[in-house]
Novice: 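Sending over a structure as structure tokens; questions will come in a sec.
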Amino acid sequence: MKLKIEGKKKVIEINGEKFGNGHKGIIAGPCAIESEKQLVETARVLKKNNIKIMRASAYKPRTNPYAFQGMEEEGLEMLARVGKKVGIATETEITDTRQVEKASEMIDVLRVGARNMQNYELLKELSKIENPVILKNGLASTIDEFLMAGEYLARKGKENIIFCWRGIRTFEKEVRYSMDALAPHIIKQKTRFPVIVDPSHAAGKKENVLPLSRAMLAGGADGLIIETHPNPEKALSDNRQQIPLKEFQKFLKKIDLIHK
Ligand code: PEP
Ligand code: MN
């Protein structure tokens, strides 16, 4: 098993941001790509705050097929353009093997979302690319199933994999997904790859993202992926959980103690 190789914990470095073995990195940006203006505005604020990787999704696997499905290829091109223009690395979700070639040429980091953790054909394709890949756990997956999915990425020798714990579906309605504070600690005992968390989708409400971030970093998470948007009320997806850009600096300051 590639993931379980003993020895030093891996440090993954992306555009100067480090994850793992004591380094806690941050990725931030909007849930979805909506316009070039939205991306430029976000990228500039992130850059000002020393964030080196911007997330933004072009493919949105939505529960409701009539909800906004993302800007798809046009969105990928937009994200790549803005990343270059502003000087920030880019991160996006891909949902299908047919997107791998183009996305891996244009975008720095590719993400496998919760709904595709067990899309093994997608994982096999991604195991061949050079870009770092972030793998999120499935909505109802166990830690072992999550690790085995990661093994699909790692088994031929891929070294730049980051696990992202995003919580699981439970009966609790106060949160969107339940995020076990022990999860990163447990996963890190079973793999040498970094384990970050996504408190935005788990909390589901912007006011709860900060306490969850602090708790997870204190519990050993190697970093965060955070949703932020210039105008969350008008966002085309996940409008309750995205931190308004103008509050993002304050958010960063408040996690700083634990982040360092
Ligand atoms: C996301 O990060 O944009 C997302 C859709 O999250 P998840 O795949 O964890 O539901
Ligand atoms: Mn989202």
Side-chain angles (χ1 to χ4, degrees), residues 25-34 38-39 42 46 51 53-65 67-72 75-76 79 90-96 99 103 107-119 122-123 126 132-143 145-146 149-150 153 161-170 175-180 183-184 187 195-206 208-209 212-213 216 221 223-245 248:
I26 300 186
I27 299 167
C31 179
I33 297 163
E34 297 170 1
Q38 169 225 23
L39 289 183
T42 308
L46 295 180
I51 299 291
I53 311 161
M54 177 165 74
R55 63 151 286 149
S57 299
Y59 297 98
K60 295 299 305 167
R62 309 298 299 281
T63 304
N64 180 346
F68 174 60
Q69 298 288 307
M71 291 187 73
E72 303 179 337
L76 285 187
L79 178 61
T90 50
E91 191 266 11
T92 203
E93 173 171 358
I94 59 160
T95 56
D96 191 286
Q99 299 154 7
I107 307 296
D108 300 299
V109 184
L110 301 187
R111 167 173 21 102
V112 179
R115 287 151 195 83
N116 277 301
M117 185 201 86
Q118 287 176 310
N119 182 342
L122 181 60
L123 298 176
L126 290 171
V133 172
I134 297 178
L135 176 65
K136 298 182 95 176
N137 69 284
L139 307 181
S141 68
T142 65
I143 285 174
E145 287 162 349
F146 187 31
L153 292 172
I161 299 162
I162 297 177
F163 286 89
C164 178
W165 188 254
R166 44 83 76 215
I168 52 172
R169 167 75 56 82
T170 70
V175 291
R176 193 169 172 199
Y177 297 99
S178 292
M179 178 165 272
D180 188 337
I187 299 166
V195 181
I196 65 170
V197 296
D198 172 356
S200 296
H201 287 88
K205 295 176 183 160
K206 73 174 171 104
N208 292 342
V209 176
L212 188 55
S213 301
M216 299 311 287
L224 302 172
I225 178 161
I226 301 290
E227 284 191 346
T228 179
H229 188 286
N231 188 358
E233 286 101 76
K234 294 266 166 66
L236 299 179
S237 57
D238 290 350
N239 57 355
R240 281 289 286 115
Q241 74 199 30
Q242 302 199 62
I243 294 174
L245 257 188
F248 189 69

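Count residues from 1 along the sequence. Just so you know, ligand 1 is whichever comes first in the structure, and atom 1 is the first atom listed for that ligand.
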Novice: Strictly distance-based, threshold 3.5 Å: is any side-chain N or O of Thr90 a donor or acceptor partner for the main-chain N or O of Asp108?
Specialist: yes
Novice: Could you identify the single nearest non-hydrogen protein atom to atom 9 (O) of ligand 1 and state the distance to 0.1 Å?
Specialist: Arg166 NE, 2.7 Å
Novice: List every atom of ligand 1 that sits less than 4.0 Å from any heavy atom of Gly113, numbering the atoms from 1 in the order shown and giving each element.
Specialist: 8 (O)
Novice: Nearest protein heavy atom to atom 6 (O) of ligand 1, by residue and atom, and its distance?
Specialist: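 The answer is Lys136 NZ, 2.9 Å.
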Novice: Any non-hydrogen side-chain atom of Ile168 less than 4.5 Å from a side-chain atom of Leu139?
Specialist: no
Novice: Name all residues meeting the side-chain hydrogen bond (donor to acceptor under 3.5 Å, both in side chains) criterion together with Asp180; count only those two or more places apart in sequence or in a different chain, and write none if there are none.
Specialist: none
Novice: Considering only protein heavy atoms, which is closest to atom 4 (C) of ligand 1, and at what distance to one decimal place?
Specialist: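 So the nearest neighbour among protein heavy atoms is His201 NE2, 3.5 Å.
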Novice: Pick one: which of Leu46, Ile134, Asp198, Ile226 meets side chain to side chain contact (heavy atoms under 4.5 Å, CB included) with Ile27?
Specialist: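 Among Leu46, Ile134, Asp198, Ile226, the one meeting side chain to side chain contact (heavy atoms under 4.5 Å, CB included) with Ile27 is Ile134.
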Novice: Kindly confirm or rule out an N or O of Ala114 lying under 3.5 angstrom from an N or O of ligand 1.
Specialist: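 N/O-N/O distance below 3.5 Å exists for this pair.
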Novice: If you leave out waters, which protein N, O or S atoms are less than 2.8 Å from the Mn ion (ligand 2)?
Specialist: Cys31 SG, His201 NE2, Glu227 OE2, Asp238 OD2
Novice: Side-chain contact test, heavy atoms from C-beta onward, threshold under 4.5 Å: evaluate it for Leu135 versus Phe146 and give yes or no.
Specialist: yes
Novice: Will you find, in the side chains of Asp96 and Gln99, an N or O donor that is under 3.5 Å from an N or O acceptor?
Specialist: no
Novice: What are the two closest non-hydrogen atoms of Thr228 and Pro244, and how far apart are they?
Specialist: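 The pair with the smallest heavy-atom distance is OG1-C, 3.9 Å.
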Novice: Donor-acceptor check, side chain of Arg169 to backbone of Tyr177, threshold 3.5 angstrom: yes or no?
Specialist: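 Flag not set: sc Arg169 to bb Tyr177 has no pair under 3.5 Å.
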Novice: So if I count the atoms of ligand 1 from 1 in the order they appear, which ones are less than 4.0 Å from some heavy atom of Lys60?
Specialist: 3 (O), 5 (C)
Novice: Which protein heavy atom lies closest to atom 3 (O) of ligand 1, and at what distance to 0.1 Å?
Specialist: Arg55 NH2, 2.7 Å
Novice: Inspect the surroundings of CZ in Arg62 and state if more than 12 heavy atoms from other residues, nucleotides or ligands are less than 6.0 Å away.
Specialist: yes
